[in-house]
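Atom set for the values below is all heavy atoms of this structure, side chains included, hydrogens, waters and symmetry mates excluded. Quick note on labels: first sequence line is chain A, next is B, and so on, each numbered from 1. These numbers were taken from a predicted model, which means no experiment stands behind them.
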Protein chains: 2
Amino acid sequence: MRRMERKTIQRQAIRDAIIEASRPLSPQEVLDGARGHVKNLGIATVYRTLKSLLAEGAVQAVDLPGEPPRYEPAGKHHHHHFRCRACNKVYEIDGCPKNLKRIAPRGFRVESHDLTLFGVCARCAT
Amino acid sequence: MRRMERKTIQRQAIRDAIIEASRPLSPQEVLDGARGHVKNLGIATVYRTLKSLLAEGAVQAVDLPGEPPRYEPAGKHHHHHFRCRACNKVYEIDGCPKNLKRIAPRGFRVESHDLTLFGVCARCAT
DNA sequence: AGACTATTGATAATGACTTATCAAAATTGC
DNA sequence: GCAATTTTGATAAGTCATTATCAATAGTCT
């Protein structure tokens with residue numbers, strides 16, 4: 001019989017942590033979140049699972065300037081991110097400036113863009 | 001007598017490479033550029049000099065999503081960057097979208113922002 | 001030029017993040 | 001439950017960019 005991928009509470013906890021978060025999570029944040037459900041979860045399992053979730057297209061990486069990547073569920077509509085310099089959390093931001101492409105020099109083909117806002121989030125600002 | 005910083009052809013070549021480039025350079029690109037003038041320049045000297053140029057405020061780091069930092073002369077007016085996925089060079093872009101702050105959620109204080117366009121540069125597109 | 005000492009270049013070491021290893025534990029099919 | 005095989009967790013190892021080390025080199029001052 002053929003081998004198949006097994007369902008484990010670790011993978012489910014990791015999947016859930018990412019899906020239930022309202023913001024992109026770092027591997028460590030995924031670990032912290034998933035440990036709420038699986039006490040002794042290891043960071044290696046988080047990285048392994050992130051890799052397979054990326055491969056199957058369930059999650060996508062969020063690259064930020066000068067930061068290690070975060071991970072969020074795939075298939076979200078176009079959006080950007082905000083990083084709080086106090087708590088270092090990254091938040092999802094709806095909305096996107098118009099006419100971004102026209103600031104590129106003549107002859108440059110713009111295929112995508114990344115916008116990151118920096119500052120202090122509502123929780124840290126109070 | 002007090003010790004002072006000496007003028008060396010290495011430091012001058014590194015400084016020149018950064019100033020004369022029309023775009024932010026990676027440490028390796030700085031090395032490549034400066035070697036046009038100093039044949040046996042070492043990468044360690046580039047890093048050392050970048051560090052001191054940063055400390056004295058002559059150059060500033062350019063952080064990009066998922067990329068090691070580039071360096072450009074300090075004191076430029078506000079601008080953004082374009083990264084070519086073909087040659088991996090980063091270009092400076094004038095112009096900035098308006099009203100960026102208003103896409104942040106209520107209560108979030110926006111202090112700065114980074115915008116990166118991705119695509120193919122004019123040279124690679126031809 | 002000569003002495004003093006900062007600087008350089010080659011490379012080993014570091015640090016942060018990610019991946020590999022492998023014995024023990026857990027899941028699946030029977 | 002049992003056998004077969006995948007998965008896990010702890011941690012060693014690997015990666016890549018950057019920094020430290022140190023003997024040799026080269027500015028600077030007299």
Where the side chain of [X] meets the backbone of [Y], is there a donor-acceptor pair that is under 3.5 Å apart?
X        : Y        : answer
B/Arg15  : B/Thr49  : no
B/Arg23  : B/His81  : no
A/Arg35  : A/Leu41  : yes
B/Arg109 : A/Val120 : no

Value in whole Å for how far the [atom2] atom of [N] lies from [atom1] of [X]:
X       : N      : atom1 : atom2 : answer
A/Leu54 : C/dT18 : CG    : C1'   : 13 Å
A/Lys39 : D/dA10 : NZ    : P     : 10 Å
A/Leu41 : C/dA26 : CG    : P     : 14 Å
A/Arg48 : C/dT21 : CZ    : P     : 12 Å
A/Ile14 : C/dT18 : CD1   : C1'   : 15 Å
B/Ile43 : C/dA10 : CD1   : C1'   : 12 Å
A/Asp63 : C/dT18 : CG    : P     : 10 Å
A/Glu5  : D/dT5  : CD    : C1'   : 14 Å

Select one nucleotide: of [options], the one nearest the side-chain heavy atoms of [X].
X       : options                : result
A/Tyr47 : C/dT18, C/dG9, D/dT7   : C/dT18
A/Ala44 : D/dG9, D/dT18, D/dT7   : D/dG9
A/Gln10 : C/dG9, D/dT18, D/dG9   : D/dG9
A/Lys7  : C/dT28, C/dT21, C/dT18 : C/dT28

Taking only N and O in the side chain of [X], is any of them less than 4.0 Å away from OP1 or OP2 of [N]?
X       : N     : answer
B/Thr8  : C/dT8 : yes
B/Thr45 : C/dG9 : yes
B/Arg6  : C/dT5 : no
A/Arg11 : D/dT8 : yes

Problem set entry | B/His79 atom NE2, neighbour heavy-atom count above 12 within 6.0 Å |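 Count over threshold, so yes.
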
